[in-house]
Every structure is written in structure tokens, then in C-alpha cells.
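To start, the structure under review is shown below, and the notes come after it.
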Amino acid sequence: MNRKHHHDAGALEKGHDAPYDYNANGEYEEPFVHGAATVAEAAGHGGDTHRGLKSRHIQFLALGGAIGTGLFVGSGGILATVGPAPLFMAYLSMMLVVWNVMNNLAEIVTYLPMKGITVPYFVKRFVDPSLAFAVGWNYWYAYAILVAAEATAGSILLDYWNTSVPAGVWITIFLLVILALNIIAVGVFGEAEFWFASIKFITIMGLIMLGFVIMLGGSPNNQGRLGFRYWNNPGAFKPYLVDGSTGRFLAYWTAFVRAGFAFITSPELIGLAAGETIAPRRNIPKAARRFIWRLAIFYGFGSFIIGVVVPYDDDLLMSPDKNASASPFVIGIKRAGIGGLNHAINAAILTSAWSAGNAFLYSGSRVLYGLALSGDAPHIFGRTNGQGVPWVAVLATWAVGLLAFLNLSQTGTQVFLWFSNISTISGFIAWIVVMITYIRFRKAMQLHGLLDTLPFRTRGQPYFVYFALTIVCILTLTNGFPVFFPGKWSVSDFLAAYITIPIFLVLYVGHKIWFRTPFAIKIEHIDVLSGKREMDEFTKNDVEPVPRNFLHRAWLWVA
């Protein structure tokens, strides 16, 4: 079969330094196919990761990354700003967007669960090298800063118990623990995430059930049956910025934007972990299918119940603290006359912060490792140890977490706030790129007649991805809309909402100008075959385990 490929483009895909000049010597007749089983093998440098994540690790990793302080604490701020109805509606709306992003990634990584895959790897392969470069560094920066943010949150949560230990000591302990969990072996990381997430699940389920008891009149004090009392007085909606129906819509929209930050970067954990997962074509789809139902239980019922047990005008909701004292669950329990649970909830929130920091360090290190394999970062970050851990990438990502110590001084806190603000919108930008990548992947599969060979396909595509892409684009452009209202202008708020967009564009345009890459790889040139045969061989003997009894069947469903 005749193949006419530009030799530099082929060399680049093998990992050598060459310009991204796909069309300099005419058109390709077929895409380049490297025939490697791992990304490191295709790149020609770097070490391979190991498959140490089991089904239960993936199940809990996917959901554990989505349940954090956004639900335990952040939801209280949204409730105080807009009321219970917009809060509930916003979380339901955002769940559908997250579900779509999760399905997009799951379809791609289940088809090609090669060791070393990352979101930027697929962007480079299916869309454009410049876009992959920009989104890769966007991801890494966001994850690395979030490690520092969670370390800071951990010290605040520990200070809730008024210990005499300085905050710097707590930050140090926090960072050292997540470094140890990430540097030893991926199985250790997965096991830690499993138990962290288990604590969160048990806590949130207990709080939801207790909330329903309070709602139905089971309070020890005399507040009686609440029902929808607070939806009537002070009301279901708190109009935002203006009165009337416009104010109610703006209340919903601001809740929608803020709800997104509770889910940011959580679906990508599936894509990043697929290459280190045992039986990926069985375990990744299982996690993706159950993700939306579990989100509905935790975020759906959770956001509903806090709007029932706490009125939006409760003064404690606006507490500046980021620990249990600001949690709407704690406030609702106190209003019901139940004492003592605040400490348990603070411990659960602390576990949540530790879990998030652990997951962010894992994710950031894998993104940096992937950038090194693709030639978009120094090759040293592609090194792995005997356990398949990209230890140099782990250390580099962890080192950024040391910025948490800036919070120990008053001037440093402002600097750290700026660092954090830059990363706030990174997640929305990343989701836009994920959905564009999925659209391109699907079109290429369709062109080559391979769409029916996908091991995992979701309903409603490609219509749902176009709808979700439109929504996220609008959210990205309007996330800072309050600053444009009369009397609301703030330079710091404007920069926090939008500065990430020009930074991303500078990375994208700068790379495109420097390497003279085309706008996008043509659909007919997209490589959807490299690694497919190897992955088919790797997974052909994988079969669903047969449950031995009822308990085993229940366990297989849960994990």
C-alpha cells in the first residue's frame, strides 16, 4: 500500500525534534501509524507507567474528585447569594455538562487505553499540536496550584480545633503525606484515594439522611416539620443584581457558573488514570456509566437538602471561614438543636481536602509526564522509577505546592490569591478543548468506518456534545458578568474571571507561530489506528468477573 508521508512529521510523532509541518511536501494519502503499545514507546524516550489501579480505585477516584469542599462548604455561599432553587437547579444543570465531558473522555480512552495517555496527548493526535501544548500547560498549572490551595485549606481546617501548632507545620505535614502517597507506587495512591473517598461518601450520605429527618420534623428542638418552609419564607429565589424575572435568571446563571468550580478537572481523572488501570476497557466504562447516578445522589440530594434546612438569609452562611463553621450542613444541624456533629463534619472536610490534594498531585504529574513524552516539556519529566511512577514530574508538581507557605504572611496571601485566580477558569477552557477533541475523534472514526468498533459508546452523540460545548463556551465568556453591572466594576474581579483566557491564547498562538503549525490536522490525516491493535490484544482476554454470591454481586456493583 502506497504511503506518502512527510518525513519530519513522521519523525515528530516518534518523538524527535522536528517542525510540525504536516503539509510542506504535499498531501498525505494515509495518516502516520506508529504501531506502538505505549506513548513512551511511540515517543522513543521516557519510562512506562504501571497498571496498578483496580476497579474500586477507578470508581472512587472518578467520584471522589468531584466531591470536595465545594459541596461541603462552597454551596453555602451560593445559597446565601441566590437562594435554594437556583442552587439546586444549577447543580443539576452542571451535572449534565460534567456527565457529557466524562462520556467524551471515556469513549476515547476506552478505545485507546495506552500507558502514558493524557488529555493533551489526544488533543495533539486528533486536533492540533499547538492546542495540545496550550491545554497541557494550562492543565499542569491548574493542578499544581490546586495542590497548594488544598494544602492551605488543610491548615485552615486543622486550625478549627484551636491547636497550638503553627499553620506552617500543618502545611508541611499535608504536603509530605500527599508526596509519599504519590511517589511510592500508583497502587498506594489508588488505595489512599479509595479510603479518602469512602469517608466522604459515608459522611455525605449520613448528612443527606439526617437532612431529610430534619425536613420531616425529626429535630430535637421545637422547629417542627420544615417541609418547604424556607422556600416560601424568605423564598426559593433571591434575585441577583436586579429585581424581577431577570434577577431570578441571573441568580440561576451565577449559581451555574459557581457550581462549575466544584466539578472542575474531576472528569479528567478518568482519562489520566486509564493508562494505569487494570482491565481498562471494562473498568473505565463502568465508572463512566455510574458517575452521573452517583453525582445525582450526592450533589442532587445534597444541594436540595441544604436549601430545605437552612434559609438563605442565615447570617452564618456568609462566614469568612472555610471550615465546618461555614458549612450549611453544620448550620442546619445547629438550627435543629443537634450538637457535636460539627467536629465530625470538619474532619470529613479535612479528608476531602487531603483527597483532592492527593488527586491533583497525581493528575498534574501525569500531565507533565505526558508533555515530556510529546516533546512539549523537557525529557527529564518523562523518567519513571521501578514502580512506574514518573517521579521527576511528581516532584516538580509537588514543588509548586510549596507556594502554600505564602499564606503564612499577609503580603504573601495576596500573591497566592493572584496565583489561584489565574487558574480558576482553566477548567472551563480545558472542557472546551476536550469536547472539540471528541468531535474530531468521532469524525475521524466515522470517516474510516470505525465508529461501530468503539468498545464504549454513549447515547445522544454528537448532538449532546455540541449542546454542552455551546453552554461551556457561554459560561467561560460570562463567568465574570457581575463586574459589568453599574457600580460593580472591580479590576481584581475582572482579572480573576478572565486573565486565564489571554494566557491560554498566548501559549496557543505563540506555539503556532514558532512551529508554523496548520490551524488543525485534516480529518483524513488523523491517526485513529496507532495502538488499536495492541490494545485489542491486551484486552481480548479480559472478562467480567462472575459474582460468587449476593454479597459479591453487591460489591461488584459498588466497586
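Residues satisfying the salt bridge (Lys or Arg N to Asp or Glu O under 4.0 Å) criterion with Arg282, sequence neighbours excluded, are Asp542. Taking Glu107 as the reference, nothing meets the salt bridge (Lys or Arg N to Asp or Glu O under 4.0 Å) condition, with sequence neighbours excluded.
Between Trp431 and Val98 the shortest side-chain heavy-atom distance falls below 4.5 Å. You'll find the side chain of Phe467 stays beyond 4.5 Å of the side chain of Leu96, heavy atoms only. Side chains of Glu193 and Val188 form no contact here, defined as non-hydrogen atoms less than 4.5 Å apart. Counting only heavy atoms from C-beta outward, the side chains of Glu268 and Ser363 never approach each other to under 4.5 Å. You'll find the side chain of Val147 reaches within 4.5 Å of the side chain of Leu175, heavy atoms only. Within the 4.5 Å cutoff, no side-chain heavy atoms of Leu226 are placed close to those of Arg335. Side-chain contact between Leu87 and Ile306: present, with at least one pair of heavy atoms (C-beta onward) separated by less than 4.5 Å. Ile204 is listed as a side-chain neighbour of Phe329, based on a closest heavy-atom distance under 4.5 Å.
In this structure, His57 and Phe194 have perpendicular ring planes: the angle between them is above 60°, well past the 30° mark. By the 30° and 60° cut-offs, the orientation of the rings of Tyr252 relative to Phe249 is tilted. Between Trp231 and Phe304, the ring-plane angle classifies as tilted under the 30° and 60° cut-offs. Using the six-membered ring where Trp is involved, Trp99 and Phe464 have ring planes that are perpendicular, over 60° apart on the 30 and 60° scheme. Below 30°, between 30° and 60°, or above 60°: for Phe301 and Phe212 the angle between ring planes is above 60°, a perpendicular geometry.
Side-chain atoms of Ser303 come within 3.5 Å of backbone N or O of Tyr299 as a donor-acceptor pair. For Thr476 (side chain) and Val472 (main-chain N/O), a donor-acceptor pair under 3.5 Å exists by modelled atom type. Remark: the backbone N or O of Leu477 is paired with a side-chain donor or acceptor of Tyr498 at under 3.5 angstrom. Under the 3.5 Å distance criterion, the side-chain polar atoms of Lys238 are matched with a main-chain donor or acceptor of Ala80. Without hydrogens or angle criteria, Asn283 side chain to Ile278 main chain gives a donor-acceptor distance under 3.5 Å. Using a distance-only test at 3.5 Å, with no hydrogens or angles considered, a donor-acceptor pair links the side chain of Arg51 to the main chain of Thr277. Counting only distance, with no hydrogens or angles, the side chain of Ser352 and the backbone of Ala348 share no donor-acceptor pair below 3.5 Å.
With hydrogens and angles left out, the side-chain atoms of Glu276 and Tyr362 include a donor and acceptor closer than 3.5 Å. Side-chain atoms of Gln461 and Asn100 form a donor-acceptor pair, as typed in the model, at a separation below 3.5 Å.
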Exercise. So Thr397 and Phe360, side chain to side chain contact (heavy atoms under 4.5 Å, CB included) or not? Walk me through it.
Worked result: CA-CA 9 Å; Thr397 307; Phe360 292 146; over 6 Å; no
Exercise. Going through the distances and angles, do Trp354 and Ile178 end up as a side chain to side chain contact (heavy atoms under 4.5 Å, CB included)?
Worked result: CA-CA 8 Å; Trp354 227 314; Ile178 64 172; 3.5 Å; yes
For this session: Could you go through the side chain to side chain contact (heavy atoms under 4.5 Å, CB included) check for Ile429 and Val135 one step at a time?
Result: CA-CA 8 Å; Ile429 294 173; Val135 80; 5.6 Å; no
For this session: Could you walk me through whether Arg442 and Arg457 pass the side chain to side chain contact (heavy atoms under 4.5 Å, CB included) test, one step at a time?
Result: CA-CA 11 Å; Arg442 185 183 174 90; Arg457 289 183 65 178; 3.9 Å; yes
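The only member of Trp253, Tyr91, Phe237 that meets side-chain contact (heavy atoms from CB on, under 4.5 Å) when paired with Pro86 is Phe237.
Note that CD of Glu191 is 12.5 Å distant from CD1 of Ile184, once rounded to the nearest 0.5 Å. Atom CZ in Arg366 sits 11.5 Å away from atom OG1 in Thr118 (nearest 0.5 Å). Summarising the geometry, atom CD1 belonging to Ile270 is positioned 13.5 Å from atom CD1 belonging to Ile108; distances are rounded to the nearest 0.5 Å. Note: Leu176 CG to Ile173 CD1 = 8.0 Å, rounded to the nearest 0.5 Å. The structure places CD of Glu150 at 10.5 Å from CG of Leu350, a figure rounded to the nearest 0.5 Å. Once rounded to the nearest 0.5 Å, the distance linking OG1 of Thr478 with CZ of Phe256 reads 9.5 Å.
Residues Trp398 and Leu361 approach most closely at N-CD1, 3.6 Å, considering heavy atoms. The shortest non-hydrogen separation linking Gly300 to Leu92 is CA-CD2, 4.3 Å. Minimum interatomic distance between Pro455 and Arg281 (heavy atoms only, all atoms of both residues): CG-NE, 3.7 Å. Looking at every heavy atom in both residues, Pro280 comes nearest to Pro285 through O-CD, 3.5 Å. Of all the heavy atoms in Leu272 and Val367, the pair that sits closest is CD2-CG2, 3.9 Å. In plain terms, the two heavy atoms of Ala167 and Leu408 that are nearest each other are CB-CD2, 3.9 Å.
Atom CH2 of Trp195 has 12 or fewer neighbouring heavy atoms from other residues, nucleotides or ligands inside a 6.0 Å radius. Crowding of Arg225 atom CZ: a count of heavy atoms from other residues, nucleotides or ligands under 6.0 Å not exceeding 12. The environment of Phe485 atom CZ is dense: over 12 non-hydrogen atoms of other residues, nucleotides or ligands sit within 6.0 angstrom.
Aromatic pair Phe201/Phe298: centroids less than 6.0 angstrom apart.
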